[in-house]
Amino acid sequence: MPEQTSLMSLKCLVLDDSVIYAEAIKQMLASEPGIEIINSHTSFGEGVRAAKKHKPDIVLLAGDTPGVSSIVESLDSSVPEIPIIVLFSSEEPDLARECILAGAQLCLYSLDDRNELVGSIRRLVARERRRRTQIVAQATGDQPRLARVLTFHSAKGGSGTTTMVVNTAISLAQLTKKRVVIVDAALQSADVGVLLDLDHPTNIADLTPHMKELDEDLLSEIMATHSSGVKVLLAPAQIERSELITEEQFLRIIGVLRKAADYVLIDTPHILDAVSMAALDTCDQIVVVSTPEVAALRNTARFLQLTSRLGYPQEKIFLLINRAGSKGAVNLDDIKKHIKYEIGATIPSGGKKMISATNTGVPVTMEKGKSSMAKAFITLSTKLSEGELESRRKRTAKIISWIRIGRKQEKPNPAVAQNT
Ligand SMILES: Nc1ncnc2c1ncn2[C@@H]1O[C@H](COP(=O)(O)OP(=O)(O)OP(=O)(O)O)[C@@H](O)[C@H]1O
Ligand SMILES: [Mg+2]
């Protein structure tokens, strides 16, 4: 079970050339359970030496230190596994940008918000620990075959995120014949159940009292099954129950699902909360849904900037334009030029068909005979499962060539046949 971030113990190295500042940080974090503070000076490579000696879980660096971005750079190249937070006493956007480019994970402007600082420290350390655990598991080869986790997010409400999640899930199940699970992490709106017309007595909130014994069987009991075969972990029916689910519990659920499914699709709300941030962190790919209008695209661009500040690689992003080509839409070339991201796929506007699909709870991908909408979802699912399909194609090619070799060996050698 992953460590509860609110309880985990960690070592924090505070680097500064002013004792007063370091003392202020020390006092600020003093009452936090499990946080051990070590102070050190930044001068003459002292910071790097201290980081190597004490092996902290995180470094806090004063933004007012002269040459702060070079210090970040030397820390990042000497101890790249240790996350760095730079703390500025006033807004310094240019310097903050330089620090991020040099390798800092986060820049904070105010020392007044203790909760923000503590929360950021704990999240960055938890993320780094998760990453290391994964690397160790991969290196030792004891990683079971894990599901591909796709988090769908839109920076603007009503862009079609939930519609994309349910249709992609059905299309992926039809295409790959694999186990596909939807997790409704839009905990306060619970639209996945509506779009799939699922009336099911249990949901994600029912898991919270049983986190210790959480396993594949318990999850399977709680999840609903759609007629397409897609399993769904629904959001709580009552809004107030959505607050029961913490970020750590959510990550634990996704961890178990990775072993119990082949694809896990997560629906998120357009306003980011702790659970949806965890969904973005933990997934293999973020499907960023945007409609082709100026306001939506502007919010999408801001969200993409956030993903780069959070250190997500560009390959983690899959840009999906929904309602492409609708009347008055911004054209795809202009979108690419302004957003500076490749467009992964497009879904056309479905008009009345889509409205009726939403109202009846029968997604367009469930219709008999493939409409242009359903075909667009097949293209999308193929792209999202590309690696999977590619390896299956290679496996099939290998089997065919073995069969050919086998047949060749079975054929009698004509020379031998003539001699006998
Ligand atoms: N390609 C499309 N063509 C026509 N209508 C669409 C399309 N995609 C989504 N819609 C419609 O847009 C509305 C909003 O869709 P949806 O609920 O999926 O958006 P959302 O981004 O999940 O919204 P929220 O921010 O509330 O979670 C629905 O009525 C849906 O039927
Ligand atoms: Mg939604």
Side-chain angles (χ1 to χ4, degrees), residues 147 149-170 172 180-208 219 222-224 226 230-254 257 261 263-291 296 299-300 302-303 306-307 310 317-320 322-323 347 354-355 357-359 361 363 365 377 380 384:
V149 179
L150 306 165
T151 295
F152 286 63
H153 180 73
S154 168
K156 189 166 185 292
S159 298
T161 311
T162 311
T163 309
M164 300 300 108
V165 170
V166 298
N167 283 291
T168 310
I170 293 169
L172 259 177
V180 181
V181 169
I182 298 177
V183 177
D184 192 350
L187 298 171
Q188 303 213 357
S189 39
D191 286 341
V192 173
V194 177
L195 261 60
L196 290 175
D197 191 24
L198 288 171
D199 187 13
H200 191 69
T202 49
N203 58 60
I204 192 167
D206 297 306
L207 289 172
T208 54
L219 267 168
I222 297 286
M223 287 192 288
H226 183 250
V230 170
K231 301 240 179 203
V232 185
L233 185 56
L234 292 160
Q238 295 110 341
I239 294 180
E240 63 276 20
R241 294 197 78 205
S242 65
E243 286 175 10
L244 295 175
I245 298 115
T246 67
E247 179 191 351
E248 291 79 22
Q249 289 170 337
F250 181 79
L251 287 171
R252 167 112 175 96
I253 292 167
I254 300 299
L257 280 175
Y263 293 96
V264 177
L265 279 65
I266 308 176
D267 186 22
T268 60
H270 71 278
I271 293 176
L272 288 168
D273 53 17
V275 166
S276 32
M277 282 302 291
L280 295 177
D281 265 358
T282 195
C283 72
D284 302 300
Q285 192 141 52
I286 303 172
V287 181
V288 179
V289 182
S290 181
T291 50
N299 283 334
T300 302
R302 288 178 61 221
F303 173 71
L306 172 74
T307 63
L310 289 171
I317 308 294
F318 184 99
L319 182 58
L320 172 60
N322 183 26
R323 297 176 182 255
I347 298 290
M354 219 36 150
I355 299 172
T358 308
N359 291 339
T365 37
F377 280 107
L380 169 63
L384 291 174

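Along the sequence shown, residues carry numbers from 1.
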- Query: Given the rule in the side chain to side chain contact (heavy atoms under 4.5 Å, CB included) test, do Thr307 and Val288 qualify, once you have shown the distances and angles that lead to the verdict?
  - Reply: CA-CA 11 Å; Thr307 63; Val288 179; 5.8 Å; no
- Message: Which heavy atom of Ala147 sits nearest to which heavy atom of Tyr263, and what is that distance?
- Response: CB-N, 4.0 Å
- Message: Could you measure the distance from the CG atom of Asn203 to the CD1 atom of Ile222? Nearest 0.5 Å is fine.
- Response: 8.0 Å
- Any chance you could measure Thr291, atom OG1, to Ile347, atom CD1, to the nearest 0.5 Å? 13.5 Å
- Query: Got a second to check how far Ser276's OG is from Leu187's CG, nearest 0.5 Å?
  - Reply: 8.0 Å
- For the pair Ser154 and Ser159, evaluate side chain to side chain donor-acceptor pair (under 3.5 Å) and give the outcome as yes or no after the intermediate values. CA-CA 7 Å; Ser154 168; Ser159 298; 3.0 Å; yes
- Calculate, to the nearest 0.5 Å, the distance between atoms OG1 and CG belonging to Thr162 and Asp267 respectively. 3.5 Å
- For Leu272 and Leu280, what are the C-alpha separation, side-chain angles and deciding distance, and is it a side chain to side chain contact (heavy atoms under 4.5 Å, CB included)? CA-CA 10 Å; Leu272 288 168; Leu280 295 177; 3.7 Å; yes
- Message: Show the nearest heavy-atom pair for residues Val232 and Leu198, with the distance to one decimal.
- Response: CG2-CD1, 3.6 Å
- Side-chain touch Thr168/Leu150, heavy atoms, less than 4.5 angstrom: no
- Kindly determine whether Ile254 and Ile266 satisfy side chain to side chain contact (heavy atoms under 4.5 Å, CB included), including the steps that lead there. CA-CA 9 Å; Ile254 300 299; Ile266 308 176; 3.7 Å; yes
- Note on the structure: Glu247 and Ala278 have their tightest heavy-atom pair at CG-CB, 3.7 Å
- Is the closest side-chain heavy-atom distance between Asp273 and Gln188 below 4.5 Å? no
- Taking C-beta and beyond as the side chain, do Phe152 and Ile182 meet within less than 4.5 Å on heavy atoms? no
- Item | Distance-minimising heavy-atom pair for Leu265 and Leu172 | CD1-CD1, 3.9 Å
- May I ask you to test the Leu380-Phe377 pair for a side-chain heavy-atom distance under 4.5 Å? yes
- So do Gln249 and Leu244 actually touch side chain to side chain, heavy atoms under 4.5 Å? no
- Query: Any side-chain heavy atom of Leu196 within less than 4.5 Å of one from Pro363?
  - Reply: yes
- With a cut-off of 6.0 Å (strictly less than), are more than 12 heavy atoms of other residues, nucleotides or ligands near CG of Leu306? yes
- Message: Would you compute the distance between atom CZ of Arg252 and atom CG of Leu257 and round it to the nearest 0.5 angstrom?
- Response: 11.0 Å
- Query: Which pair of heavy atoms, one from Ile245 and one from Pro236, lies closest together, and at what distance?
  - Reply: CD1-CG, 4.1 Å
- Query: Are Val166 and Asp191 side-chain neighbours, meaning at least one heavy-atom pair lies under 4.5 Å?
  - Reply: no
- Message: I need the minimum non-hydrogen distance between Thr300 and Ser290, along with the two atoms involved.
- Response: OG1-OG, 2.9 Å
- Could you please spell out the steps behind the side chain to side chain contact (heavy atoms under 4.5 Å, CB included) verdict for Leu207 and Ile253? CA-CA 9 Å; Leu207 289 172; Ile253 292 167; 3.8 Å; yes
- Message: Quick check: do Ser242 and Val275 have side-chain heavy atoms less than 4.5 Å from each other?
- Response: no
- Item | Interatomic spacing from NE2 in His153 to CG in Leu320 - rounded to 0.5 Å | 13.5 Å
